[in-house]
Amino acid sequence: MKEIEIFSPATIANVSCGFDVLGCCLDSIGDKMVLRKTDEPGVRIGKIIGEKLPMEAEKNVASVAVIEMLKDLKEAPGFGIEIDIYKNIKPGSGVGSSAASAAGAVFAANELLGNPFSSHQLIPYAAEGERAACGAPIADNVAPALLGGFTLVKSDDPIKVIELPSIEGLYATIIHPQIEIKTSVSRDILPQTVKLKSAIKQWANVGALIHALHTNDAHLFADSLNDYIVEPHRSKLIPEFDNVIKNAVEAGALGGGISGSGPSIFTFSKDEQTAHKVSIVVDKVYNKTKIPYHIYTSKINVEGVKIVKRQ
Ligand code: ADP
């Protein structure tokens, strides 16, 4: 194989009560990436279409992740790797733009190398790519992008990820208001201590949510999608957040929350038809504001990164 084209999906991190640990993979939002073998050794970015992002290999999360992966090969490959990125996921939107690049790059490079690593082994390399974007090797977006479905980051040092099933037929509706929330502001707004009462409610919900996924129980899933710790603070940064969730639930959504650190808001629905109904009411809420926005609906992608073409 000389070249591979892949679809690298957007992801929702911080799924409600699962702040920093629970994520899931989307299907209809994602980037195209093409990776090819080159005669010249090393890793470089060939082109980036759609967004202005670093072309330097040591700054782009895609090349950083592949460079980290190559360091662990027993022998250096007899070829170089060029990465083309066709960006559809806006950086800073909260649906894992940098994670899609990092996860997609290690997945595709692994294919070009003849798959020396398993999907789980690729996660720490992709997380090293994330370090280039946010300063820490976080896995809560790259894990669902690589594994599909829902994932739980059980520990981050060393990185240990548990794969979880999805609720059958589950759909997400996502609204991305085009506002900028500075990472420093979304971090500073969080309290440093948590009330024991809130913590108890939170871990009860995380446990129940995991049980709901394993037993395909949409009712329990809906009942567990509550975040008592982070959302009450961060939602203040997102205009109309409460209205979006209230109207979505009235239209049949199972619940929702802040995607990543925002500004995107996600909601889950039990099927495609409900997800579309939800997108209509969410559209009505944001239409009244002067803020530009995009709305997406997507089923949950249980595969993760997908191969489009090999040659
Ligand atoms: P998201 O949560 O949507 O990934 P972040 O704000 O965490 O958004 O990451 C975007 C940051 O990562 C930007 O500073 C961007 O320049 C940097 N970055 C580096 N390489 C990439 C890439 N290939 N794709 C997206 N962002 C990248």
Side-chain angles (χ1 to χ4, degrees), residues 1-9 11 13 20 23 25 30-48 53-87 89 91 96-148 151 153-163 304-307 310:
M1 197 199 319
K2 287 196 185 110
E3 185 176 292
I4 181 165
E5 180 185 326
I6 56 151
F7 167 79
S8 194
T11 44
D20 259 5
C25 188
D31 296 340
K32 171 176 141 179
M33 296 179 80
V34 177
L35 274 76
R36 69 185 64 84
K37 293 179 181 173
T38 57
D39 293 334
E40 202 187 318
V43 182
R44 78 194 59 80
I45 302 292
K47 60 178 165 210
I48 302 172
L53 290 166
M55 289 295 287
E56 303 93 321
E58 68 285 0
K59 288 194 186 148
N60 196 298
V61 300
S63 33
V64 169
V66 175
I67 290 166
E68 283 303 315
M69 185 178 106
L70 296 183
K71 283 183 191 166
D72 280 352
L73 282 179
K74 284 193 194 88
E75 278 172 45
F79 54 87
I81 295 177
E82 186 172 73
I83 306 172
D84 293 346
I85 304 172
Y86 299 80
K87 245 304 136 229
I89 316 170
S97 176
S98 50
S101 287
V106 292
F107 174 93
N110 192 41
E111 288 282 332
L112 288 179
L113 291 161
N115 289 308
F117 300 103
S118 69
S119 307
H120 274 272
Q121 286 172 328
L122 292 178
I123 295 170
Y125 302 124
E128 278 303 319
E130 287 281 68
R131 194 199 286 276
C134 69
I138 49 164
D140 56 347
N141 282 108
V142 296
L146 282 164
L147 302 174
T151 56
V153 181
K154 159 86 172 66
S155 75
D156 57 6
D157 188 17
I159 293 176
K160 184 164 187 229
V161 175
I162 297 171
E163 283 178 67
V305 182
K306 291 176 194 173
I307 297 172
R310 299 177 235 236

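Keep in mind it's a predicted model, so treat the numbers as computed, not measured. Heavy atoms only: backbone and side chains are in, while hydrogens, waters and symmetry mates are out.
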- Query: What heavy-atom pair brings Lys37 and Leu112 nearest, and what distance separates the two atoms?
  - Reply: CE-O, 3.4 Å
- Query: Just one of Leu73, Ile123, Val106 clears the side-chain contact (heavy atoms from CB on, under 4.5 Å) bar with Phe117, so which one?
  - Reply: Leu73
- Task: Evaluate the criterion side-chain contact (heavy atoms from CB on, under 4.5 Å) for residue pair Ile85 and Asn60; output intermediate values, then yes/no.
- Result: CA-CA 10 Å; Ile85 304 172; Asn60 196 298; 3.8 Å; yes
- To the nearest 0.5 Å, how far apart are CD1 in Ile45 and CG in Asp84? 8.5 Å
- Query: Are Asn110 and Tyr125 close enough that a side-chain donor and a side-chain acceptor fall under 3.5 Å?
  - Reply: no
- Could you give the distance from CD1 (Ile138) to CG (Asp20), rounded to the nearest 0.5 Å? 7.5 Å
- So which heavy atom on Cys25 is nearest to which on Thr11, and how close? CA-CG2, 4.0 Å
- Item | Stepwise side-chain contact (heavy atoms from CB on, under 4.5 Å) test for His120 and Leu147 | CA-CA 8 Å; His120 274 272; Leu147 302 174; 3.7 Å; yes
- Minimal heavy-atom distance between Pro9 and Ile89, with the atoms involved, is C-CD1, 4.2 Å
- Message: side-chain contact (heavy atoms from CB on, under 4.5 Å), that's the test. Do Val161 and Glu163 meet it? Break it down for me.
- Response: CA-CA 7 Å; Val161 175; Glu163 283 178 67; 5.6 Å; no
- Query: Among Arg36, Lys47, Arg44, which one satisfies side chain to side chain donor-acceptor pair (under 3.5 Å) with Glu82?
  - Reply: Arg36
- Smallest heavy-atom separation, Ser8 atom then Ala103 atom, equals OG-C, 4.5 Å
- Item | Gap between atom CG of Asp31 and atom NZ of Lys87 - 0.5 Å precision | 3.5 Å
